[in-house]
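Structure first, commentary second.
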There are 2 protein chains.
Amino acid sequence: MPELRADARRNRDELLDVARQVIREEGVDASLRDIARRAGVGIGTLYRHFPTREALLGAIIGDGVRRLSARAADLSATRAPGEALEEWLTDVARRIGTYRGLPGTMLELVWDLEAGDKDLRVTCGDMMDAGRRLLARAQADHAVRPDVTFDDVFIAVAAISGIAHKSGPDPAARVLAVYLDGLRSAGATRS
Amino acid sequence: MPELRADARRNRDELLDVARQVIREEGVDASLRDIARRAGVGIGTLYRHFPTREALLGAIIGDGVRRLSARAADLSATRAPGEALEEWLTDVARRIGTYRGLPGTMLELVWDLEAGDKDLRVTCGDMMDAGRRLLARAQADHAVRPDVTFDDVFIAVAAISGIAHKSGPDPAARVLAVYLDGLRSAGATRS
DNA sequence: ACCTGAACACCGTTCAAGT
DNA sequence: ACCTGAACACCGTTCAAGT
């Protein structure tokens, strides 16, 4: 990442600040034109710094995603395997649910590894790896059924966290609780 | 519902036919202008028949929703309580998952009873009532934990059915299976 | 009663022209 | 190196004018 000229740096930072606020209010489909306008730069400047909407989104949530990786390591060191996984998934749900529409983007981004900007993809990769270890540990401890994949668990949590913005946070939490109970169950109950 | 003039009737039917196809291909956010164009009518005609996007959506899925009500009665008469509920929820997931973006719309429409057009709201109300009876029966039979609400179960299924269009149908089915196991579990496992 | 399409106020995205 | 904004091809929605 080469150094940026001072004015470019300022523009980038302002853009990110404004985008964070606007997207928090309006969701991931917020108008890019509006963001540029509020940041006091031309629309072309926004596109120069963030060639695609996903690149902008990646820059916005990169920090949060990295924090989730760190949190996984923390929990793994301080909690019982099953507890650590559940706590972490709850954190994931809360963080992803922050921006309206982000759960959907995450579902796509995680599944179709072509999509999204490269930086975000490796950041997400790190976080997914951290989660994968948490799940493996919980499964080794028989705290979680053996027949689930980390990818499946992740997309479940992403999908459920999208409820928060359409039906309120409480239903989302309750649905997640039931899903976690399902993870704890033996699995393969039905013929 | 007063009679429609013959040309109006034709326009309405053609609009619905085209909309069904376009929305199946492009999702619920498909361009209304495009639908009017392909149906060979002016954009104003589309708005005259369907004053809002949700009214159009309602007309499109009304049949499917009604079929779900009927299916609930069927299953209730022919299957064990727990089985009937699970089969029905699986049907719901498949039907809602047909149109990209529909799960999100359903989540909003079901929760915020102001939204959506009136006809659809009563149709959905009927279907929800049929589902509610199925859940009550399963709970009375101790096939499903007593601490869940039908609304919670429904939004869970809607949220999960949205996975199909972002990560493929197989993961969606697996996630739903785990959630159903959670429904079958005792509940209130954690402090 | 019903249909049409121009009109308005917005988008996303690109790119020549400027500094 | 970086910024700007006009230009293009689209939207959703309304409403006067037509039949």
Side-chain angles (χ1 to χ4, degrees), chain A residues 1-19 21-23 25-60 99-102 104-105 108-109 114-117, chain B residues 1-19 21-23 25-60 99-102 104-105 108-109 114-117:
Chain A
M1 209 35 102
E3 299 293 331
L4 284 177
R5 228 167 61 182
D7 57 341
R9 162 102 272 148
R10 261 197 317 272
N11 282 340
R12 208 191 112 100
D13 290 348
E14 183 65 15
L15 239 8
L16 268 180
D17 261 23
V18 171
Q21 189 194 328
V22 171
I23 289 183
E25 284 166 4
E26 326 236 344
V28 297
D29 290 329
S31 156
L32 298 180
R33 258 188 148 95
D34 187 36
I35 291 173
R37 210 152 34 213
R38 295 207 213 180
V41 305
I43 179 67
T45 302
L46 186 151
Y47 274 90
R48 164 165 259 263
H49 285 288
F50 308 102
T52 140
R53 170 174 246 114
E54 281 208 333
L56 175 58
L57 220 50
I60 287 180
Y99 298 102
R100 185 175 3 132
L102 183 57
T105 307
E108 285 164 356
L109 188 145
E114 318 293 306
D117 95 320
Chain B
M1 205 39 100
E3 299 294 331
L4 283 177
R5 228 167 61 181
D7 57 341
R9 162 102 272 149
R10 262 197 317 273
N11 282 339
R12 208 192 111 101
D13 290 348
E14 183 65 16
L15 239 7
L16 267 180
D17 260 22
V18 172
Q21 188 193 330
V22 171
I23 288 183
E25 283 165 5
E26 326 235 344
V28 296
D29 290 329
S31 157
L32 298 180
R33 259 188 146 95
D34 188 37
I35 291 173
R37 210 152 36 215
R38 297 209 214 179
V41 305
I43 179 66
T45 301
L46 186 151
Y47 273 91
R48 164 164 260 263
H49 285 288
F50 308 103
T52 140
R53 170 173 248 114
E54 282 208 331
L56 175 57
L57 220 50
I60 288 180
Y99 299 102
R100 185 174 3 130
L102 183 57
T105 306
E108 286 164 354
L109 187 145
E114 316 296 304
D117 93 323

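Residue numbers start from 1 in every chain, and the chains themselves are labelled A, B, ... in the order their sequence lines are given, proteins ahead of strands. Bear in mind the structure is a predicted one, so any value in this text is a computation, not a measurement.
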Roughly how many Å is it from [atom1] in [X] to [atom2] in [N], rounded to a whole number?
X      : N       : atom1 : atom2 : answer
I35(B) : dG12(D) : CD1   : C1'   : 12 Å
L56(B) : dG12(D) : CG    : P     : 11 Å
F50(B) : dC2(C)  : CZ    : C1'   : 14 Å

query: What string of B, S and - do you get for nucleotides 3-11 of chain C, 5' to 3', when a contact is any protein heavy atom under 4.0 Å?
result: SBBBB---B

- request: Write out the stems for DNA chain C, ordered by first number and formatted as range with range, counting runs of at least 3 consecutive Watson-Crick or G-U wobble pairs under 3.5 Å.
  value: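 Stems for DNA chain C, defined as runs of 3 or more consecutive pairs: C:4-8 with D:12-16, C:12-16 with D:4-8.
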
task: Apply salt bridge (charged side-chain N to carboxylate O under 4.0 Å, His left out) to E26(A) and list each qualifying residue two or more places apart in sequence or on a separate chain.
output: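 So E26(A) forms a salt bridge (charged side-chain N to carboxylate O under 4.0 Å, His left out) with R38(A).
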
field: Which residues share a salt bridge (charged side-chain N to carboxylate O under 4.0 Å, His left out) with R48(B), sequence neighbours left out
entry: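 None.
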
Who are the side-chain contact (heavy atoms from CB on, under 4.5 Å) partners of [X], not counting sequence neighbours?
X      : answer
D7(A)  : R5(A), R10(A)
I43(B) : R33(B), A36(B), Y47(B)
R9(B)  : L4(B), R12(B), D13(B)

task: Not counting sequence neighbours, which residues clear side-chain hydrogen bond (donor to acceptor under 3.5 Å, both in side chains) with E14(B)? List them please.
output: none

L46(A) and N11(A), any side-chain heavy atoms less than 4.5 Å apart: no

message: Quick check: do T105(A) and Y99(A) have side-chain heavy atoms less than 4.5 Å from each other?
response: no

